[in-house]
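To start, the structure itself, in structure tokens.
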Amino acid sequence: MRRRLALLSLPLVAVTACAPAGSGPADGGSDPRREAFAQRAVEVAEAWRPGPAWTTGYVPLQEPTVLVGDPDFTTDTEAAFRAGWYRDQIDLPAGRPAAGTIRFPDGTVTVPLVSAAEAYRQLDQGDPPPCDGRPEEPRPTVEPGPDGSVSSPVATACIPLTVTAVRLGTADVRTSRGVAAVPAWLFTVEELAAPVARVAVAPQSVGAPPAPTAPARPAPDQMVAAQHLRSADGATLTYVLGVGSCDTGITPLVQERDDVVVVGGAVTRSTGVCDEMLKLEPVTVTLAAPLGVRPVLDVVTGQVLTVQPG
């Protein structure tokens, strides 16, 4: 039987989003939002059934493009990295290397690899939009009223990152079996202080997290889903909540177990007129124990959350 740990109380939770004071329950009273979260978290955790690949194969829990060190970003180079804008100044080897080894905390797995040319094609997401000099291009800004709109300037980074060298190495990747040293092509980029790594594992050896197993009934209206993880560092977990643009009382909630961690959030919905725009709010919680190899599940969907920095 799985051992259920108590829901963390608000004093143990540090919120990086701008949550207003007094978002917790009144002294001596219960908070129905927390009670609903606790009940649904139990159901999500009990439904968690990973397949054999979860403990024996390679199931990455973050994007296959990884920074190896501090890149010393500028506004422009960070925008280019996030968008995947690159240009190569070298001949990229098209031959596939010999099989590589993934080193997990609990063992190793031998996997086929892709070539540097294949990895670069996966890395490069196209060219930046054209612009003259240091750009300020207009974009539409909607004003109140059915027909109101104006154009306002916006800075657009229109420079690609320049690849000047490549070599086969490894990158640390969060996986279902903990942080692993994974074979990766390390691209030297002229504009960055650290290499950009693209995982070199061939697609047929990359496993996917199991399908989400959320309860059949809808989540309560004041419960919000976690979209993805920002980081997982020991017992400190940062994740992103999807909230309404007029929601208040944003409160991160977490339930820990021996085998999984379930996260989500609670909000107070606006009673006035409001748009339906989704807003991403990062929040940080402190777990009672380091995360280790435990998966992090969203309380609304049951989805395994992956790391997506930025």
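Not measured: the values here are computed from a predicted model.
Annotation: side chain of Leu291 is in contact with side chain of Val296 (closest heavy-atom distance under 4.5 Å). Here the side chains of Ile102 and Val201 are in contact, with some heavy-atom distance below 4.5 Å. Between Val166 and Leu92, some side-chain heavy-atom pair lies under the 4.5 Å cut-off. No side-chain heavy atom of Thr55 sits less than 4.5 Å from a side-chain heavy atom of Pro50. At least one side-chain heavy atom of Leu241 sits less than 4.5 Å from a side-chain heavy atom of Ile250. Counting heavy atoms from C-beta on, the side chains of Val261 and Val254 come closer than 4.5 Å. Looking at Met223 and Val299, their side chains come closer than 4.5 Å, going by heavy atoms from C-beta outward. Side-chain contact between Val262 and Trp48 is absent, with no heavy atoms from C-beta onward closer than 4.5 Å.
Salt bridge absent: Arg257 and Asp259 never bring a charged side-chain N and a carboxylate O closer than 4.0 Å. Ion pairing of Arg33 with Glu35 is absent here, as no side-chain N (NZ or NE/NH1/NH2) approaches a carboxylate O to less than 4.0 Å. Using a cutoff of 4.0 Å between basic side-chain nitrogens and carboxylate oxygens, Glu118 and Arg198 are not scored as salt-bridged.
Taking hydrophobic clusters as Ile, Leu, Val, Met, Phe, Trp and Tyr residues chained together by side-chain heavy-atom distances below 4.5 Å, Val196 does not share a cluster with Val68. Under the 4.5 Å side-chain heavy-atom criterion for grouping Ile, Leu, Val, Met, Phe, Trp and Tyr, Val109 is connected to Leu168 within one hydrophobic cluster. By the rule that hydrophobic residues join a cluster once side-chain heavy atoms approach within less than 4.5 Å of another member, Val199 and Leu61 end up as members of separate clusters. Linking Ile, Leu, Val, Met, Phe, Trp and Tyr whenever their side-chain heavy atoms come within less than 4.5 Å leaves Val189 and Leu186 in two separate clusters. Hydrophobic clustering of Ile, Leu, Val, Met, Phe, Trp and Tyr side chains at less than 4.5 Å, counting indirect connections, unites Val182 with Val114.
Environment of CZ in Arg167: sparse, with no more than 12 heavy atoms of neighbouring residues, nucleotides or ligands closer than 6.0 Å. Residue Asp233 places its CG atom among 12 or fewer non-hydrogen atoms of other residues, nucleotides or ligands, all under 6.0 Å distant. No more than 12 heavy atoms of other residues, nucleotides or ligands shown are found within 6.0 angstrom of CZ on Arg103. Atom CG of Asp91 has 12 or fewer neighbouring heavy atoms from other residues, nucleotides or ligands inside a 6.0 Å radius.
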message: Test side chain to side chain donor-acceptor pair (under 3.5 Å) on Thr301 and Asp298; report intermediate values, then the result.
response: CA-CA 6 Å; Thr301 65; Asp298 168 47; 2.8 Å; yes

task: Evaluate the criterion side chain to side chain donor-acceptor pair (under 3.5 Å) for residue pair Arg96 and Ser115; output intermediate values, then yes/no.
output: CA-CA 4 Å; Arg96 294 188 176 184; Ser115 68; 5.6 Å; no

task: Using the side-chain contact (heavy atoms from CB on, under 4.5 Å) rule, take Tyr239 and Val285 through it: C-alpha gap first, then chi angles, then the decisive distance, then the call.
output: CA-CA 8 Å; Tyr239 59 96; Val285 297; 4.0 Å; yes

- prompt: Val293 and Arg177: side-chain contact (heavy atoms from CB on, under 4.5 Å), yes or no, with the steps?
  reply: CA-CA 6 Å; Val293 299; Arg177 298 166 62 179; 5.6 Å; no

message: What verdict does the side-chain contact (heavy atoms from CB on, under 4.5 Å) test give for Val42 and Gln255, after you've listed the backbone C-alpha separation in whole Å, the side-chain angles of each residue and the deciding distance to 0.1 Å?
response: CA-CA 8 Å; Val42 168; Gln255 186 183 97; 3.8 Å; yes

- request: Show your reasoning for whether side-chain contact (heavy atoms from CB on, under 4.5 Å) applies to Phe81 and Thr65.
  value: CA-CA 10 Å; Phe81 173 78; Thr65 299; 4.0 Å; yes

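In this structure, Thr164 OG1 and Glu191 CD are separated by 8.5 Å, a value rounded to the nearest 0.5 Å. Taking CD from Glu63 and NE2 from His228, the interatomic distance works out to 9.5 Å, rounded to the nearest 0.5 Å. From Ser245, atom OG reaches atom CG of Leu278 across 9.0 Å, with rounding to the nearest 0.5 Å. Atom CH2 of Trp85 sits about 9.5 Å away from atom CD1 of Ile159, to the nearest 0.5 Å. Atoms OG1 and CD, from Thr306 and Gln227 in turn, are 11.0 Å apart once rounded to the nearest 0.5 Å. Annotation: the span from Thr268 atom OG1 to Asp247 atom CG amounts to 8.0 Å, rounded to 0.5 Å.
Scanning all heavy atoms of the two residues, the minimum distance from Val173 to Pro60 falls at CG1-CB, 4.3 Å. Contact detail for Ala116 and Phe187: the closest heavy-atom pair is O-CZ, 3.9 Å. Here the closest non-hydrogen pair linking Ala266 and Val224 is N-CG2, 4.1 Å. Nearest approach of Gln204 to Pro112, heavy atoms of both residues: NE2-CG, 3.8 Å. What you find for Ala289 and Arg294 is that their closest heavy atoms are O-NH2, 3.2 Å. A pairwise comparison of heavy atoms in Arg230 and Pro282 identifies NH1-CB, 3.9 Å as the closest pair.
Classification of the Phe104-Tyr58 ring pair by plane angle, with boundaries at 30° and 60°, yields tilted.
Of the possible polar contacts, none joining the Thr77 side chain to the Phe73 backbone as a donor-acceptor pair under 3.5 Å is found. The backbone N or O of Ala117 lies less than 3.5 Å from no partner atom in the side chain of Trp185, so there is not a single donor-acceptor pair. Here the side chain of Gln308 pairs no donor or acceptor atom with the backbone of Leu305 at under 3.5 angstrom. One N or O on the side chain of Ser176 and one on the backbone of Trp54 form a donor-acceptor pair closer than 3.5 Å. With hydrogens and angles disregarded, a donor-acceptor distance shorter than 3.5 Å links the side chain of Thr251 to the backbone of Gly249. A donor-acceptor pair under 3.5 Å is absent between the side-chain atoms of Arg82 and the main chain of Ala79, judged by distance alone.
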